[in-house]
Amino acid sequence: MAISFSDLHTEAGLKSLEEFLSGKNYISGDQLTKDDIKVYAAIVENSCGAFPNTSRWYDRVSWHLAARFPGKAVGVRTAGQAAPPEAAPAEEAKKDASEGDDDDLDLFGDETEEEKKAAEEREAAVKASSKKKESGKSSILLDVKPWDDETDMKKLEETVRSIEMPGLFWGASKLVPVGYGIKKLQIMMTIVDDLVSVDSLVEEQLMAEPANEYIQSCDIVAFNKI
C-alpha cells in the first residue's frame, strides 16, 4: 500500500510525518531508501525543529547526502519554495483548487534513471557502513595501556588521536600510574552511535598495526549515553 504525506511545508503536514516516524529510523525500514530522499526534498530546511522524530530523521538523511558530496558548498537560494500559510493564504488556496491531489507525495511514483542510480549508490554506501544502532551519542572513557615502562606515552597518545572517522571525537586525556613505573593513558571520546562501532574501533584500529606498536591493551572504563 502506497504511503502518502501531504503539505510537508505546513505544521499539520510535519505533524503527520512526526507521528509516522515515531520509533522508526527511516521511512521504509532500517536503511535509507529513495522514499527518504523524496520526503526529504519536500521539507523546507530548518522547519522541523519542533518535531524531534522528524528532526532526527532529517539530520540522519542530511548526513548520508553530505557524505556523498564531500565538496565545500557556498550556499544557494532557490525560487519557488513553499511559503508559510500565513504569508500567502490566497495563493495556497488557489494552488489547492487547481492541483487537487497533486499536493500528496506518492512515495511509489515513477523514477528517472538518474534517481534510480543515485538511490542505488546511497544504498550501497549504507550497506558498507557499520551496523546501525539507535540514534544518539555516547561518552566513553578508555584505558589505553602500553607494553612497558619504556613505551613513549607521547607517541602512544598521538597514535590514538590520529585515528579519525565520521562520528568520532577525541576529548580530554591524562596519564595514570599503574605501577612499576608504568603509566596508562585515560582518554575521553564521544561517538555518534549510528556511525561508530566501539568494538570495531578497538579491534580494527587501536589493537591493529601500526597502533599496536605502542598499545598493549584497551579497556572501556565508562560508557554513558548522552
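From Leu206, atom CG reaches atom OG of Ser200 across 11.5 Å, with rounding to the nearest 0.5 Å. Taking OG1 of Thr190 as the start and CD1 of Ile226 as the end, the distance is 4.5 Å to the nearest 0.5 Å. For the atom pair Asp7 CG and Ser16 OG, the distance stands at 8.5 Å (nearest 0.5 Å). Taken from CG in Asn212 to CD in Glu209, the straight-line distance is 5.5 Å, to the nearest 0.5 Å.
Every residue two or more places apart in sequence or in another chain was checked for a ring pair (Phe, Tyr, Trp, His ring centres under 6.0 Å) with Phe169, and none qualifies. The side-chain contact (heavy atoms from CB on, under 4.5 Å) test applied to Met165 returns Ile163, Leu168, Val196, Leu201, Gln205, not counting sequence neighbours. By the side-chain contact (heavy atoms from CB on, under 4.5 Å) test, Asp148 is found to be paired with Glu150, Thr151, residues two or more places apart in sequence or in another chain being considered. Considering only residues two or more places apart in sequence or on other chains, Lys183 meets the salt bridge (Lys or Arg N to Asp or Glu O under 4.0 Å) condition with none of them. Listed by chain and number, the residues in a salt bridge (Lys or Arg N to Asp or Glu O under 4.0 Å) with Glu18 amount to none (sequence neighbours excluded). In this structure, Ala41 has no side-chain contact (heavy atoms from CB on, under 4.5 Å) partners at least two apart in sequence or on a different chain. Evaluation of the side-chain hydrogen bond (donor to acceptor under 3.5 Å, both in side chains) rule for Ser62 yields Tyr40 as partners, not counting sequence neighbours. The side-chain contact (heavy atoms from CB on, under 4.5 Å) search around Asp219 returns Asp143, Lys145, Ser217, not counting sequence neighbours.
The two residues Ile187 and Gly171 make their nearest non-hydrogen contact at CG1-O, 4.2 Å. Here the closest heavy-atom approach between residue Ile215 and residue Trp147 is recorded as O-NE1, 3.4 Å. The two residues Thr33 and Ser28 come nearest to each other via the heavy atoms OG1-CB, 4.0 Å. Annotation for Pro166 and Leu195: closest pair O-CB, 3.6 Å, computed over non-hydrogen atoms.
Using a 3.5 Å distance cut-off with no hydrogens or angles, the side chains of Asn224 and Ser139 do not pair a donor with an acceptor. Judged by distance alone, the side chains of Asp194 and Trp63 never bring a donor and an acceptor atom under 3.5 Å apart.
More than 12 non-hydrogen atoms from other residues, nucleotides or ligands lie less than 6.0 angstrom from NZ of Lys24.
When atom types are taken as modelled, the side chain of Ser22 and the backbone of Glu19 share no donor-acceptor pair closer than 3.5 angstrom. Proximity of a side-chain donor or acceptor of Asp152 to a complementary backbone N or O of Lys155 within less than 3.5 Å is detected.
Among pairs with a residue in residues 162-175, those fulfilling side chain to side chain donor-acceptor pair (under 3.5 Å) read Glu157-Ser173, Arg161-Ser173, at least two apart in sequence or across chains.
A heavy-atom distance below 4.5 Å is not found between the side chains of Leu32 and Asn25. Counting only heavy atoms from C-beta outward, the side chains of Met153 and Leu185 approach each other to under 4.5 Å. Proximity of Asp193 to Lys225: side-chain heavy atoms (C-beta onward) are separated by under 4.5 Å at one or more points. By the 4.5 Å heavy-atom criterion applied to side chains, Ile182 and Pro146 are counted as neighbours. Counting heavy atoms from C-beta on, the side chains of Lys184 and Val144 never come closer than 4.5 Å. At a threshold of 4.5 Å between non-hydrogen side-chain atoms, the residues Asp59 and Arg56 do not count as touching.
Linking ILVMFWY side-chain heavy atoms closer than 4.5 Å, directly or via other members, places Phe223 and Val192 in a single hydrophobic cluster. Under the 4.5 Å side-chain heavy-atom criterion for ILVMFWY residues, no single connected hydrophobic cluster contains both Val176 and Leu142.
Alongside Val221, the hydrophobic cluster contains Leu141, Met188 (criterion: ILVMFWY side chains under 4.5 Å).
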Q: Quick one: do Trp57 and Asp36 satisfy side-chain contact (heavy atoms from CB on, under 4.5 Å)? Show the steps, please.
A: CA-CA 9 Å; Trp57 165 84; Asp36 296 280; 2.7 Å; yes
Q | Verdict with reasoning, Tyr26 to Leu21, per side-chain contact (heavy atoms from CB on, under 4.5 Å) | A | CA-CA 7 Å; Tyr26 298 100; Leu21 286 171; over 6 Å; no
Q: Apply the test ring-ring contact (aromatic ring centres under 6.0 Å, His included) to residues Phe51 and Tyr58: give CA-CA distance (whole Å), side-chain angles for both, the deciding distance (0.1 Å), then the verdict.
A: CA-CA 10 Å; Phe51 303 95; Tyr58 190 92; over 10 Å; no
